[in-house]
Each structure stands twice: as structure tokens, then as C-alpha cells.
Protein chains: 2
Amino acid sequence: MTSDLEVRLRAASLRVTRPRLAVLAALRDHPHVDTDTVIALVRADLPAVSHQAVYDVLRALTDAGLVRRIQPAGATARYETRVADNHHHVVCRSCGAIADVDCAHGQAPCLTASNDHGFVIDEAEVVYWGTCPDCAALNKTSQANEGSEGKA
Amino acid sequence: MTSDLEVRLRAASLRVTRPRLAVLAALRDHPHVDTDTVIALVRADLPAVSHQAVYDVLRALTDAGLVRRIQPAGATARYETRVADNHHHVVCRSCGAIADVDCAHGQAPCLTASNDHGFVIDEAEVVYWGTCPDCAALNKTSQANEGSEGKA
DNA sequence: ACCCAAGACTGGAATAAATCAAGTTTAGGA
DNA sequence: TCCTAAACTTGATTTATTCCAGTCTTGGGT
């Protein structure tokens, strides 16, 4: 139940509060959602939670390493509870859908940059850009229509 | 001179205007700058250019493939004129500095995701996170001081 | 060389995401 | 049970970006 989430909070020496449990539960059940969606999900349980509380909680959880913040270019911040491994993401260019991708090269992927310019690199983040199955299907349909009836 | 930039614009069938030439010149001389900096650089030459014009120009140039837009998580949009190859970037966590990194794996880097969830992938974007030489040097200094005099 | 229409630019307002600030409530150790 | 630091509420503010209406300019056509 929620006791698992409670344990995780205590392990990170964070206070156990209803907003925090609600945020963790929301992210566990809905990976890759943005802050607005988290707020909506949390308010389904606790209607009185302020948006600021959610922002605070997300920051505290991120700092504590309980959630991971991802932010593909041009999108708002999204969060997930899968933090143990350093996995990557595929992002749909048209609808913004995100899916997890395990790293192809075992543990540290392309972590060896060809020329690091003296930077001390501690993480290689990979974002795969493309089209999700749903949008691909839609595109195929509309393309088929284009030939016969021009643009919609 | 600027004629090179003019040629690039015409090749993309874009009108040649002073704001566009100024934006291209600014990005050629200062890679990886954000929109605000572009505005400042452009206004050094053309003081009357509106911020909206710069936003419009950056979008037009990006759509035409003359500049590339990059946006590391938590940062504002940045632009560069190096578009021919699909190179990557190192980003400094503390100061936000960005440097180019050629892909270690030749042309298409880690473009083969282990499980693509049915996505049609067309690009693999890699962001290396770390500490730039300057910030690394600063950290080393302040860490050395910590032992003797606590926090500043 | 001149004209003019599409496209580009100006000025100003509006939106969205995120943060700041001041005061109130609450978790959890003493 | 009490108390304090941490967490939360309310509401304003900042920052990056976009929208909109009107004006100017580029460059193809005459």
C-alpha cells in the first residue's frame, strides 16, 4: 500500500506528509506526467493541496533522489519514480508522449565523449526523438487522404 | 564577409533582411547563446530590432535548418549555426556553459534503442552533464578552504 | 527604374511555467 | 504533551515565449 512510499520518504529522511505521499503515488501510477497533471492527480485525493506545495514536493523529492526530473527540449518538466537505473527516453515529436528505453550499451552508454573539452562528465543523457505508434498511424491516414482531396 | 550568410539565406529561399543577417552573424561568432544574448548582440549593430523580430528570425532559421535549437533541461533555448552534422553537447551543471562534442560512434550514434516501444526514431540526442574546467577549478579551491575556515 | 503584394518587423499586450515571500499549520523528536 | 523546524497556503511576481494589429520592406513583375 502506501506504506512502501512512506518507507521511501523516511529512508531519505524526509517528513511523511499527505501531499508527499500523494505525489509519489501519482507518479508511481502515471510516469512521465508534467507538474500540472501531478497537481490534478494529487487533488483527486486531496483537493486542498496548493500548486506551490506540489512544486515544493517535486523539488524535495528530486533533490532526495526519489524522483527523476526529465525535460525534453520545448516541453515542460516531467517526473518519474524510476530512479535506480540510468535509463533513457523516446519522445514523440507530435504529441509529446514519452516511453522508457533501457540503455543499449549496458550500463554507461556513450559516456565516453570523443573530446570532452576538459569537462568532468558524470552523466550521459540520451533522448530519442521520433513518432509514437499512434501519431504514426494518424499520419499514414492523413497522408493517404492528401492525394485524393488535397489538404483538409 | 556577410555575403556568405546572404547566400545561405537565399539558398533556403528566405528573404535577406538586416535582422536575419545580424542574427546569423551573432550565432556564428557566439555559439550556444540564448535568445536574450542574441537580442543584445543584434542590437549592438541594429539598435531598433524588436525582441519579437529576433524570436521570429530564430524560428524561421530553425525551421529552414540554418540554425539548430538546443535546450538542455532547466535552461532556456540556445542556438548554434553548426547544423551539418549531428553532434552533441556537454553542459556544465553549475554555470550552464556548453561545448560541442563529436559523436564517438561515427555518424549515427546510439540511434538503435534497445526497445523502441513501436516509436519510429529519427534522431538520438545526447547531452553530457558535468562540470566545466572553470567551475571544477573553483570547486577545488572552495573545498580546500572548507576544512580550515568552514563555510564562507 | 518603379510598383506592389507577400512576407517581415514594430510595439504592446497576453500567456504559461515556475519562483518568491509572508504568514499558518503540522510532523515528529525531546 | 510541548515545541521547533519543516512543510504548507495564499497570493503576488518573474521570466521566457507567444499572440495580435498595424506598418514597413524585400524582391519579383512590368
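Below, read A as the first sequence line, B as the second, and so on, with proteins coming before strands; counting in each chain starts at 1.
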Gap between atoms CG and P, on A:Asp36 and C:dA18 respectively (whole Å): 8 Å
Residues in side-chain hydrogen bond (donor to acceptor under 3.5 Å, both in side chains) contact with B:Thr37, at least two apart in sequence or another chain: B:Asp34
Position toward the 5' end of DNA chain D (nearest nucleotide), A:Ala48 or B:Arg59: A:Ala48
Length of the CG-P vector between A:Asp63 and D:dA6, whole Å: 14 Å
Which nucleotide in D:dC8, C:dC9, D:dT17 has an atom nearest any side-chain atom of B:Thr76: D:dT17
Backbone N/O of A:Trp129 and side chain of B:Glu123: donor-acceptor pair under 3.5 Å: no
Atom-pair distance (CG on A:Asp56; P on C:dT25), nearest Å: 18 Å
Check against salt bridge (charged side-chain N to carboxylate O under 4.0 Å, His left out), A:Arg18 and A:Asp45: CA-CA 10 Å; A:Arg18 240 115 30 117; A:Asp45 271 333; over 6 Å; no
Short side-chain N/O contact from A:Arg15 to OP1 or OP2 of C:dG29, under 4.0 Å: no
Sugar-phosphate, base or nothing in reach of A:Ala77, heavy atoms under 4.0 Å: sugar-phosphate
Validation row, ring centre B:His89 to ring centre B:His87 under 6.0 Å: yes
B:His51 vs A:Thr35, nearer the 5' end of DNA chain C by closest nucleotide: B:His51
Phosphate contact (C:dG28 OP1 or OP2) by A:Arg10 side-chain N/O below 4.0 Å: yes
Distance in angstrom units between A:Leu14 CG and D:dC8 P, rounded: 10 Å
Euclidean distance, atom CG of residue B:Leu9 to atom C1' of D:dG27 [Å, nearest integer]: 14 Å
Step-by-step side chain to side chain contact (heavy atoms under 4.5 Å, CB included) determination, B:Leu61 to B:Leu9: CA-CA 8 Å; B:Leu61 296 179; B:Leu9 284 172; 3.7 Å; yes
Distance below 4.0 Å between A:Thr17 side-chain N/O and D:dC8 OP1 or OP2: yes
Nearest to side-chain heavy atoms of B:Tyr55, which nucleotide of C:dA18, D:dA7, D:dT18: D:dT18
Euclidean distance, atom CG of residue A:Leu21 to atom C1' of C:dT26 [Å, nearest integer]: 14 Å
For atom CD1 of B:Ile39 and atom C1' of C:dC9, their distance in whole Å: 14 Å
Side-chain donor/acceptor of B:Arg20 to base of C:dA8, under 3.5 Å: no
Between P of C:dA17 and CD of A:Gln71, the distance in whole Å: 12 Å
Per B:Gln52 side chain, nearest of listed nucleotides C:dT19, C:dG12, D:dT17: C:dG12
